[in-house]
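This one's a predicted model, so the numbers in the text were calculated from it and none came from an experiment.
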Amino acid sequence: MKHLVLTGACALDTILTVPAYPPEDAKQRASSLQVRRGGNCPNTLEVLHHLFSPSDQANIKTHLISTLPAQTSPAIAKIHSSFGPGSTKINFSPCIHREGHTESVSSYIIRSLETGSRTVVNYNDLPEMTPDEFERILDTLLLSNSKEEEDSWWFHFEGRIPSTTLQCIHYIRTHLPPNTTTISVECEKPNREGLTSLAAEADVVFYSSSWAESRGYHNPEACLRGEAPSARASLMLCTWGASGAGMLTRRKLGGGSGAKELQEEDKYIHHSPATPKDGKPIKVVDTIGAGDTFIAGVLYASLSSSSLHMVDVSSSSSQKAKLAFAVELATKKVQDEGFAHLAAQQQQP
């Protein structure tokens, strides 16, 4: 059995679509309003369950670790139902319910039709997960799931509280064998202290363009090559909006671990979104969750392959196919609302 454990915030998003972003202290009528479940890891989970085949559903068990309001609050029913038919395949039991709290994390998103930008204001009154809580959750997961030799675990972290996430990673490293465990993290929010420390401990790292630009990088390759010396990751990825995404695969030579030695085997790959057959520009409708969709594409390509425990960096053609699949999946996502239309994208890289 393959286990995928995603840890991150789960929110209810209120999305206001406006003709143009309003100036300060102005009044403007929105053209539409939507309320839907959000959060990086829940979005990624939803996309994955749209993509999974019946065989995948039988062989890959997904778990969500998120801080939520009280079990009896109305928000819980909304969150569970928001995953659609895939909700029955997701293990929500590791989620942490805060008694006395009735509201989930809330995001208020202003989406501009003029520029396609989205401005997000978050509100969170829920106490964050602690390292002790994560340790208890992991212990329970390991006890309640078989420990057969073929079982593999992939842990993905949003990286909300880097100091907490780092302790969670260290706990995983000391309780699970490295040859059956993969850890991936997101470096998304600009100027969030501690993300570089997470990248240094992860096997797979996802960088956002906003984070890269805040570090002075002007393209994905510059970001990945610039961060490579301080990261242990065998796979590093950086998204860049309409320009696609880049991937850096890495493999050690011999028994050393120096940055120079690793650099000798670094290989950079870039993929840009495909141009539609009619030659017309891609029409962007909804960018909310595009990065989460890209991550889902990479996880899907890795989980559905024969080996989960580490991404195969020996095959450049395999890695190129994974990157292309993830970019094209994210490109398809931005051309329609939400994620449901991605169910048709069941094509193994």
Side-chain angles (χ1 to χ4, degrees), residues 1-11 37-68 76 79-97 129 134 137-148 150-160 165 168-169 172 176 180-186 202-204 206 289 291-311 322 325-326 329 333 338-340 342-343 345-346 348-349:
M1 177 65 72
K2 301 174 182 180
H3 296 272
L4 173 63
V5 184
L6 294 96
T7 304
C10 184
R37 191 261 311 122
N40 293 19
C41 289
N43 286 346
T44 295
L45 261 181
E46 182 179 352
V47 174
L48 281 169
H49 280 279
H50 283 313
L51 298 175
F52 281 163
S53 66
S55 175
D56 291 328
Q57 299 281 12
N59 294 297
I60 303 169
K61 190 168 184 178
T62 57
H63 314 264
L64 178 65
I65 302 177
S66 189
T67 303
L68 300 174
I76 296 301
I79 289 169
H80 286 190
S81 64
S82 69
F83 289 91
S87 64
T88 60
K89 304 295 184 180
I90 300 170
N91 178 20
F92 293 104
S93 64
C95 288
I96 303 164
H97 293 276
M129 179 189 73
F134 178 85
I137 290 168
L138 180 57
D139 291 345
T140 301
L141 281 176
L142 295 179
L143 284 172
S144 59
N145 292 279
S146 63
K147 291 187 178 181
E148 299 177 7
E150 62 269 23
D151 273 13
S152 298
W153 294 80
W154 188 309
F155 295 88
H156 179 77
F157 292 92
E158 178 186 345
R160 283 175 53 78
T165 303
C168 296
I169 291 174
I172 293 168
L176 285 167
T180 59
T181 307
T182 299
I183 296 175
S184 57
V185 300
E186 300 175 33
D203 303 305
V204 181
F206 296 92
D292 308 328
T293 302
F294 175 84
I295 291 173
V298 174
L299 293 177
Y300 172 75
S302 301
L303 289 163
S304 295
S305 63
S306 59
S307 175
L308 167 70
H309 52 80
M310 280 302 285
V311 178
K322 290 177 183 178
F325 177 80
L329 187 68
K333 182 267 164 294
F339 306 103
L342 299 176
Q345 189 82 7
Q346 295 193 26
Q348 174 66 41

Can you check whether [X] reaches [Y] side chain to side chain, under 4.5 Å on heavy atoms?
X: Asp56; Y: Leu51; answer: no
X: Ile96; Y: Leu68; answer: no
X: Ser184; Y: Phe155; answer: no
X: Trp154; Y: Ser302; answer: yes
X: Thr165; Y: Phe134; answer: no
X: Ile295; Y: Glu186; answer: yes
X: His49; Y: Thr62; answer: yes
X: Ile183; Y: Val204; answer: no

TODO: May I ask you to check whether Arg160 and Asn40 show a side-chain donor-acceptor distance below 3.5 Å?
DONE: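 Judged by distance alone, the side chains do not pair up.
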Open item on the list: Do His156 and Thr7 pair up side chain to side chain, a donor and an acceptor below 3.5 Å, judged on atom types alone?
Closed with: no
- [ ] Decide side chain to side chain donor-acceptor pair (under 3.5 Å) for His3 and Ser152; before the verdict, give the C-alpha distance in whole Å, the side-chain angles of both, and the deciding distance to 0.1 Å.
- [x] CA-CA 6 Å; His3 296 272; Ser152 298; over 6 Å; no
Task: Test side chain to side chain contact (heavy atoms under 4.5 Å, CB included) applied to Ile65 and Phe157, step by step - done: CA-CA 10 Å; Ile65 302 177; Phe157 292 92; over 6 Å; no
Closest heavy-atom contact between [X] and [Y]?
X: Cys10; Y: Ser66; value: N-OG, 3.1 Å
X: Leu64; Y: Cys95; value: O-SG, 3.4 Å
X: Lys2; Y: Ser304; value: NZ-C, 4.5 Å
X: Asn91; Y: Pro94; value: O-CD, 3.4 Å
X: Phe83; Y: Pro42; value: CE2-O, 3.4 Å
X: Arg37; Y: Asn43; value: NH1-OD1, 2.7 Å

Task: Main-chain N/O of Met1 paired with Asn59 side-chain donor or acceptor, under 3.5 Å - done: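 Checked: no pair found.
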TODO: Ignoring hydrogens and angles, tell me if any N or O in the side chain of Thr44 forms a donor-acceptor pair with the backbone of Asp292 under 3.5 Å.
DONE: yes
Open item on the list: Before you tell me yes or no, could you show the steps for Thr180 and Trp153 under side chain to side chain donor-acceptor pair (under 3.5 Å), namely the whole-Å CA-CA distance, both residues' side-chain angles and the distance that decides it to 0.1 Å?
Closed with: CA-CA 6 Å; Thr180 59; Trp153 294 80; over 6 Å; no
Between atom [atom1] of [X] and atom [atom2] of [Y], what is the distance when rounded to the nearest 0.5 Å?
X: Leu138; Y: Leu141; atom1: CG; atom2: CG; answer: 6.5 Å
X: Asp203; Y: Thr182; atom1: CG; atom2: OG1; answer: 5.5 Å
X: Ile90; Y: His63; atom1: CD1; atom2: NE2; answer: 11.0 Å

- [ ] Determine whether the aromatic ring centres of Phe92 and His80 lie less than 6.0 Å apart.
- [x]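 Under 6.0 Å, so yes.
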Open item on the list: Tell me if the centroids of the rings in Phe325 and Phe294 come within less than 6.0 Å of each other.
Closed with: no
Open item on the list: Does the Lys NZ or Arg CZ of Lys333 fall within the cation-pi geometry relative to Phe339 - under 6.0 Å from the ring centre and within 45° of the axis?
Closed with: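 Positive - Lys333 is close enough to the ring of Phe339 and near enough to its axis.
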TODO: Apply side chain to side chain contact (heavy atoms under 4.5 Å, CB included) to Val47 and Tyr300, showing your working.
DONE: CA-CA 9 Å; Val47 174; Tyr300 172 75; over 6 Å; no
Open item on the list: Let's go through Lys322 and Val298 carefully: what are the C-alpha distance in whole Å and the side-chain angles of both, what is the deciding distance for side chain to side chain contact (heavy atoms under 4.5 Å, CB included) to 0.1 Å, and is it a yes or a no?
Closed with: CA-CA 6 Å; Lys322 290 177 183 178; Val298 174; 5.8 Å; no
